[in-house]
**Student:** 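Take this structure first; my questions come after.
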Amino acid sequence: MSQDLIKNNKIFQTLIQKQEIVLLLLLIVILLVPLASNFFHQKPLLMGSESYYHLLYEPLSFLLSRIPFSFLFTVPLVLGLVSLLLLFLLARRFNLPPNYSFFFLLFLIFTPAFMYSFSTISAYSFFFFLVLAGFVLLTTQNNIKYLSVIPFIFATFIDIVSAGLLLLLQLLYLWHHKKEKHLTVSLGVTLLSLLYALFFRKIPLALGPFHAEHVALDLVSDLGGLSGIGFILLLLTLIGVGILWRKKEFRVVYLLLFSTILMYLYSTETVLFLATTVVFLAVCGLIALFEQSWNLPTLKRFTFLLILLSVLFSALTYLNRIADLPPAAGDTQALLWMKENTPAEAVVFSAVENGYFIPYFAQREPFQEFHNQAATTGLAGTIMNSTYITTTFPLLEKHNIAYFYITPAMKKQFSADQGLLFLFSNERFKLVYSSQGYEVWEFRAYNSPGEIS
Amino acid sequence: MENSRWLIWLIFGITVGTRLLLAFTTPNFTYDSYFYLRQVEHVTNTGLPLYHDSLSYGGRDITYLPFFYYFMAFFDLFLPLELAAKIIPNILFASLTLIVYFISTKITKNQLAALFSTLIAGFLPILFTPNSFTALSLFLPLVFLNIYAFLSLNEKFHLSLYLLTFLLLCLTSAATFLLVFGQGLYLFLAYLERKKIDPSEREVIVFSLFFYIWSQFLFFKNSFITEGISFIWGNVPPQIIAQYFPKLSLIQAIFLVSVIPFVIGVYIVYRSLFQSKNIKTFFLISLVVSTTLLAWMRLIEFTLSLAFFSIILAILFSLFYQESIQYLERTKIAHYSQWYTLGLIILLGISTIYPSITHALNQDIPTPDELDVFAWLRDNTKPTAGVLALLEQGHLVTYLSQRRNLMDDNFGLIENPGQRMEDLGILYTTPFQTEALSLLDQYDLNYLVLTPRALEKYNLKKFKYTTPDCFRRIYDEKGIRIYQVRCSLRRVLL
C-alpha cells in the first residue's frame with residue numbers, strides 16, 4: 001500500500017499491527033448487534049429460515065438437537081469467531097502481507113454474505129469453518145497435518161457443489177505444493193468421502209434454497225437482497241480484475257472466481273464463496289489502485305476515505321436490515337398457540353417463507369417448504385390466488401389442509417379483495433387466532449352435505 | 001475575433017429575452033413544475049426538505065437530492081416564488097450558451113466556430129421549455145460547467161471548479177450518472193484506441209465514481225432496498241413506462257434536437273470516434289456514445305438523454321464548421337466562405353429558432369381555468385379532504401388545493417403504483433357505483449374533479465356512476481365539474 005497513506009498514518013499503523021484484536025472485536029460487535037436487537041424486540045435470537053431447516057433436518061439436526069434452543073444463537077457466533085482466527089492463521093502461513101490480510105479480513109467481515117452466514121445457522125458457514133480448519137491443519141509442519149482429513153471429510157457431507165469447491169481448493173494447493181505427498185492422500189480421502197456421501201448419503205447438488213432466489217438482488221446487498229456483496233466491493237473487484245488481468249500469479253484466483261460464479265448462478269445460497277473470492281480481488285484492486293502514485297495526492301486520500309466509508313455504510317445499512325429477519329415475535333406467539341390449540345396431525349398452509357417455522361415452533365406439518373416447493377408451488381399459487389370455492393375447496397380437502405397461518409407480510413403481498421384472503425369470508429373459514437396482524441384460520445370440513453363440523 | 005465577446009452576450013441576451021417573453025406570455029407552469037414549487041416553498045418556510053409529504057398519495061415518504069430546492073429557496077427569500085421560478089430557470093438554461101461557447105473555444109480555438117455552437121445551444125427545441133420549473137434547469141448548466149472544467153484539469157482553478165460542480169451535481173440530480181458513465185466509457189474507449197490520457201483525468205474519474213456512488217447511496221438507500229434494480233426506472237407504473245422510457249425514435253430526436261445540428265453532430269461523432277487526435281473531442285464523443293447507449297438500453301429517460309445529447313452535438317458543430325471552413329479555404333471557391341457562413345447562420349436560425357418556439361408554445365401546461373378550480377378547492381373544502389384528479393394534475397392538488405391526491409408522477413417508494421394507476425383509470429371510467437365507492441373509500445377520497453382534459457383522455461362525457469344521491473355537484477363552470485362524495489360502502493357483519 002502506498003506509503004503516504006499507511007506508513008505516515010499512526011491510526012492505520014496501529015490497526016494493522018493489532019489487527020487480530022481489532023477485527024475480532026469488530027466481528028463480535030457485528031454479530032452481537034442483531035442478537036441484541038432481537039433480544040430487545042423479544043424475537044427469537046436464532047434468525048433465518050435456514051437455521052430452522054437445520055434444526056429439523058439432517059445432517060446438522062443431529063448435532064444441533066443436543067443444544068438447548070436458548071443457546072443455539074451461540075453456534076454461528078462461535079463459528080464466526082473461530083473462522084476469523086483460522087483466517088488469521090492461514091494469512092500468516094501463506095505469508096500474506098499485513099496490509100493485505102487486514103483489508104481482506106476487514107472487508108470480509110463487513111460483507112453482508114459473511115454477516116448473514118455467521119448470524120444464522122448456515123450449512124455453508126459450517127463448510128467455511130471446516131475448510132479453514134482443514135487447511136490450517138494441512139499447512140502445519142508436523143504430523144498434525146494428517147488430521148486435516150477429518151474436517152475435509154465432514155465438509156463433503158453438505159452438498160456436491162461445496163464438496164466440488166473443496167476438491168478444487170485442494171487441487172490448486174496441490175498444484176503449488178507438488179512435493180508434499182500427504183496432500184495427495186488428503187485429496188484422495190476427500191474424493192472417497194465425497195463419493196460415499198454422494199452414493200450412500202444421497203447429498204443434494206446444492207442445499208436449499210431457503211429463500212426466493214433472484215440472481216441480481218441476491219448478489220448486490222444494497223438492492224435489498226437477503227445477503228450478497230456491497231456494490232462498492234463489486235466495483236473494486238472490476239478494477240482489481242482490470243489491473244491484475246495480466247499477472248500470472250493471480251490465475252488461480254480467476255479460476256476460483258469463475259467456479260464460484262458458476263456455483264452462484266446455480267444456487268444463490270452459495271454467495272458466501274463468491275463473496276470471499278470477490279473480496280480478495282477487491283482488496284487486490286484497492287491496493288493496486290493506491291500503490292500507484294497519484295498526481296493529486298489530496299484526491300487520493302479522499303478517494304481512499306470514500307471507499308472505506310462506502311464499505312462501512314453498506315455494511316451498516318445491511319446490519320440495520322438483518323435484525324428484521326424472521327421469525328418475528330408475532331410468529332412465535334402465533335405458532336406456539338397453534339401448537340397448543342390445534343390437532344397434532346393438522347396440515348398448515350402458509351407462505352413458503354414460513355415453511356420451517358411451522359414444524360419447529362408449532363410442530364405441525366406445513367403444506368410447503370423451500371426445499372420441496374417444486375412439488376407444491378403450483379398448487380400453493382392456485383390456493384392463494386383463486387377466488388372460486390369450486391377450485392380452492394377441493395384442493396384443500398384433497399391435501400387435508402385444515403389451518404392457515406397468515407402473516408402481515410402475506411396480507412401486504414396479497415389483496416384482501418381476491419384470492420384466499422377474500423375467501424376467508426366464507427362460512428367454512430373461522431378465525432381462531434389474531435394478534436398483531438398474525439392470524440390463524442381454521443378450514444372446517446363437512447360432516448355431511450351442508451353441515452360443517 | 002474582437003467582436004465575439006459582445007456577440008456572445010448578444011446571443012445570451014436574445015436567448016434569455018425570448019425565453020422570458022414566452023415564459024411570461026404563456027400563463028402558469030408545466031404540470032410537473034408544481035411539485036418543485038411545493039418543495040421549494042417548504043424549504044423556504046421550514047428550512048428543511050419535505051421528505052414526508054402528508055398530501056401526496058395520501059401520505060408518503062419522498063427522497064430527493066436537495067441542492068436545487070435550496071438554491072431556489074434562496075431566491076424565494078427576495079422574490080415571489082412564482083416570479084423566481086420563471087426567471088431563474090430561464091437564465092440558467094440561457095447560461096448554457098456561455099458554457100457551450102467556452103467549451104467550443106477550448107476544443108477548436110476558433111471563436112467564430114464557437115459562436116455557431118452558442119447560437120444552436122440557445123435555441124435547442126428540447127430545452128426550450130420556458131414554463132418548466134425543474135431541477136434540469138440547474139443540472140444541465142452544472143454538468144457542462146463540469147465538463148468545461150474537466151477539459152483543463154491541470155490548471156488548479158479548473159480542478160477546484162470540477163470538484164465543486166461535481167459535488168453540486170451529486171446533490172442536484174441522480175442523472176449525474178450520465179456524466180460518470182460517460183467518463184467510464186471515455187477511459188474504456190481510450191484504452192481500446194490506445195490513446196494516452198492525462199493521469200489527473202484518470203484520478204479525477206476514479207474519485208468521481210466513488211463519490212457519486214457513496215452520495216447516492218446516502219440519499220437513496222431506502223429506495224434501493226425497497227425497489228431494488230427497478231429504482232433505475234423510477235418505480236414508474238408499467239402502464240405508462242413507455243412514456244418515460246420509449247424506444248428510441250429517430251424522427252422525434254431529429255425534431256427535438258433540430259435537423260442540422262443532429263445530422264452534422266452524428267456525422268462528426270461517426271467520423272471522429274476512431275480518427276480524432278484531439279483527446280478533448282474524444283471525451284465529448286464518449287459522452288455522446290454513452291448517452292446513446294443508455295437511452296437505447298432504456299436506462300435513462302428519453303427527454304434527459306436527448307437534452308444532454310443535443311447540447312453536446314451543439315458543441316461538436318463547432319468542429320464541423322472549423323473543418324468545413326478550412327476545407328473551403330483550400331478550394332477554388334474560398335472567396336465564398338463568407339457567404340457560406342452567412343448561409344449557415346440563416347439555415348440554423350430557421351431550423352432551430354422556429355422549432356424551439358413551436359415547442360415552447362406546445363408545452364403541457366394547465367389552463368387558467370384548471371388552476372382556478374384547484375384554488376377553489378383550497379378555499380371551499382376541508383383541509384383533510386382527498387381529491388381525485390388525473391395523474392398529471394396530482395401536483396396541482398397538493399400545491400394549489402393543499403389537499404390529498406390519489407397519485408401524482410412522483411412514483412418513488414410507492415407500493416404498487418401500477419395498482420393505483422389502474423384504480424385511477426377505473427374511477428374515471430367505471431359505470432358501477434359500488435366499484436367506484438369501494439375505491440373512493442379505500443383511498444379516502446371526498447371530491448372528484450372532472451376537467452376537459454380528463455374527458456378527452458378517457459373519452460367521456462361525464463362520470464358514468466355519479467347519481468345525485470351519492471355525488472353532489474358543487475362546482476360546474478367552464479366545462480369543469482367537481483363532485484362531492486356523499487356515500488360510502490360499509491361491511492355489515494351478520
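By convention in this document, chain letters (A, B, ...) are assigned in the order of the sequence lines, proteins followed by strands, and residues within each chain are numbered from 1. Please read these numbers as outputs of a predicted model, since none were measured by experiment.
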**Student:** Is it the case that atom NZ in Lys411(A) sees more than 12 heavy atoms from other parts of the structure closer than 6.0 Å?
**Tutor:**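 More than 12 within 6.0 Å, yes.
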**Student:** Answer with side chain, backbone, both or neither: which region of Thr317(A) has an atom nearer than 4.5 Å to a non-hydrogen atom of chain B?
**Tutor:**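 The answer is the side chain of Thr317(A).
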**Student:** Are there more than 12 heavy atoms of other residues, nucleotides or ligands under 6.0 Å from atom CZ of Phe188(B)?
**Tutor:**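 Result for CZ/Phe188(B): open.
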**Student:** Can you list the residues of residues 197-225 of chain B that sit under 4.5 Å from chain A, counting heavy atoms only?
**Tutor:**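 Counting heavy atoms that sit under 4.5 Å from chain A, the residues of residues 197-225 of chain B involved are Asp198(B), Pro199(B), Ser200(B), Glu203(B), Val204(B), Val206(B), Phe207(B), Leu209(B), Phe210(B), Phe211(B), Ile213(B), Trp214(B), Phe217(B), Leu218(B), Lys221(B), Phe224(B), Ile225(B).
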**Student:** Can you tell which of Val220(A), Leu296(A), Leu236(A), Leu309(A) has the highest number of heavy-atom pairs within less than 4.5 Å of chain B?
**Tutor:**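 Between Val220(A), Leu296(A), Leu236(A), Leu309(A), the count favours Leu296(A).
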**Student:** The criterion is side chain to side chain donor-acceptor pair (under 3.5 Å); which residues satisfy it with Glu422(B), sequence neighbours excluded?
**Tutor:**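 Glu422(B): no side chain to side chain donor-acceptor pair (under 3.5 Å) contacts found.
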**Student:** Tell me, side chain or backbone of Glu415(B) under 4.5 Å from chain A's heavy atoms, or both, or neither?
**Tutor:**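 Contact with chain A involves the side chain of Glu415(B) alone.
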**Student:** When rounded to the nearest 0.5 angstrom, what distance separates CG in Asn154(B) from CG in Asn295(A)?
**Tutor:**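 If we round to the nearest 0.5 Å, Asn154(B):CG and Asn295(A):CG are 9.5 Å apart.
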**Student:** Is it the backbone or the side chain of Leu217(A) that comes under 4.5 Å from a heavy atom of chain B, or both, or neither?
**Tutor:**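 Contact with chain B involves the side chain of Leu217(A) alone.
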**Student:** Does Ile11(A) CD1 have over 12 foreign heavy atoms under 6.0 Å away?
**Tutor:**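 No, because the 6.0 Å sphere around CD1 of Ile11(A) holds 12 heavy atoms or fewer from other groups.
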**Student:** In Å and rounded to the nearest 0.5 Å, what is the CD to CG distance from Gln413(A) to Asn416(B)?
**Tutor:**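 Answer for the CD-CG pair, Gln413(A) versus Asn416(B), is 11.0 Å.
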